Amino acid sequence: MLARNPIQAARRLGSAVEVVPGDVTQPHTLSSAVRDITHLFFTAGVAMGFAREQLIVATEYQGVLNVLAAARQAGFRGRFLYMTAIGVITPSLSAALLNLFKGNTLRWRRRVEDDIRASGVDYTIIRAGVLLNSPSGKRAIEVSQRAHALALRHRIARADVAETFVQALNYPNTARTTFEVIWGKGPRREPWDLVFSRLKPDS
């Protein structure tokens with residue numbers, strides 16, 4: 001795991017996770033983090049709260065490009081999995097307010113999606129619903145290529161999103177796809193192969 005503050009990250013995550021110092025906004029810090037890796041999960045973003053567009057661009061746009069460049073330079077041949085947010089496509093009042101408050105974050109995230117698709121790397125782009133700190137595995141998981149509006153009804157637990165990332169690597173049909181993940185109706189029933197079965201590759 002890449003962390004700007006590796007000591008703090010190691011304290012929170014424990015010894016089971018290898019923490020590498022680095023910053024996605026500082027390209028010279030990334031080479032050691034991407035060396036000899038099998039797959040790459042990019043979930044970095046600006047913390048909740050007001051943010052200027054300059055910081056959003058540096059972290060959520062240029063930061064992605066910096067990591068992609070470092071990975072290609074290191075000979076990366078695995079899957080690049082990118083976490084973004086619902087609402088990047090479908091206009092809504094919530095999306096407009098978020099862009100106003102947080103430096104056009106959704107606009108820059110949509111733009112970097114296109115850069116990832118054009119990068120030549122094997123990728124999966126996952127747009128997560130509104131994130132909650134709830135237990136995982138309790139609710140049905142809805143994976144679709146429908147563009148949801150940013151709204152609280154389209155929500156999901158962070159732990160369920162993390163599981164979606166890990167499971168996506170087990171199914172080749174998730175490669176070179178963009179999909180949205182939110183809670184579905186009722187308890188968890190469908191196995192992951194069925195959850196991913198309806199996905200189509202990006203055109």
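Source: prediction; values computed, not measured.
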For atom [atom1] of [X], is the number of surrounding heavy atoms from other residues, nucleotides or ligands below 6.0 Å larger than 12?
X: Arg158; atom1: CZ; value: yes
X: Asp114; atom1: CG; value: yes
X: Ile7; atom1: CD1; value: no

Would you compute the distance between atom [atom1] of [X] and atom [atom2] of [Y] and round it to the nearest 0.5 angstrom?
X: Arg188; Y: Arg139; atom1: CZ; atom2: CZ; result: 11.0 Å
X: Leu81; Y: Ile126; atom1: CG; atom2: CD1; result: 5.5 Å
X: Gln167; Y: Ile141; atom1: CD; atom2: CD1; result: 10.5 Å
X: Asn66; Y: Leu30; atom1: CG; atom2: CG; result: 6.5 Å

For [X] and [Y], which heavy atoms make the closest approach, and how far apart are they?
X: Val161; Y: Leu131; result: CG2-CD2, 3.8 Å
X: Arg72; Y: Ser119; result: NH1-CB, 3.6 Å
X: Ile89; Y: Pro91; result: O-CD, 3.4 Å

Next on the checklist: I want to check something: taking the side chain as every heavy atom from C-beta on, are Glu142 and Val181 in contact at a cut-off of under 4.5 Å?
Outcome noted: no

Checklist entry - So which pairs with a foot in residues 124-143 pass ring-ring contact (aromatic ring centres under 6.0 Å, His included), sequence neighbours left out? => result none

For residues 40-55, tabulate all N or O donor-acceptor pairs below 3.5 Å that involve a side-chain atom, not counting sequence neighbours.
from  : atom 1 : to     : atom 2 : distance (Å)
Glu53 : OE1    : Asn104 : ND2    : 3.3
Glu53 : OE2    : Asn104 : ND2    : 3.3
Glu53 : OE2    : Trp108 : NE1    : 2.8

Checklist entry - Ala175: what forms a side chain to side chain contact (heavy atoms under 4.5 Å, CB included) with it, not counting sequence neighbours? => result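 In terms of side chain to side chain contact (heavy atoms under 4.5 Å, CB included), with neighbours along the sequence ignored, Ala175 is linked to Arg79, Asp122.
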
Checklist outcome for this item: Sequence neighbours excluded, the answer for side chain to side chain contact (heavy atoms under 4.5 Å, CB included) partners of Pro6 is Val19, Pro21

Item to check | Ser136 side chain to Asp160 backbone, donor-acceptor under 3.5 Å | outcome: no

Checklist outcome for this item: Hits for salt bridge (Lys or Arg N to Asp or Glu O under 4.0 Å) against Arg109, two or more places apart or cross-chain, chain-then-number order -> Glu60

Item to check | Arg127 with Glu113: basic N within carboxylate O range, under 4.0 Å | outcome: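 Looking at Arg127 and Glu113, the cut-off is met.
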
Next on the checklist: Suppose the criterion is side chain to side chain donor-acceptor pair (under 3.5 Å): which pairs have a residue in residues 190-203, not counting sequence neighbours?
Outcome noted: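 Pairs touching residues 190-203 that pass the test: Arg117-Asp202, Tyr123-Asp202, Glu163-Trp192, Thr178-Asp202.
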
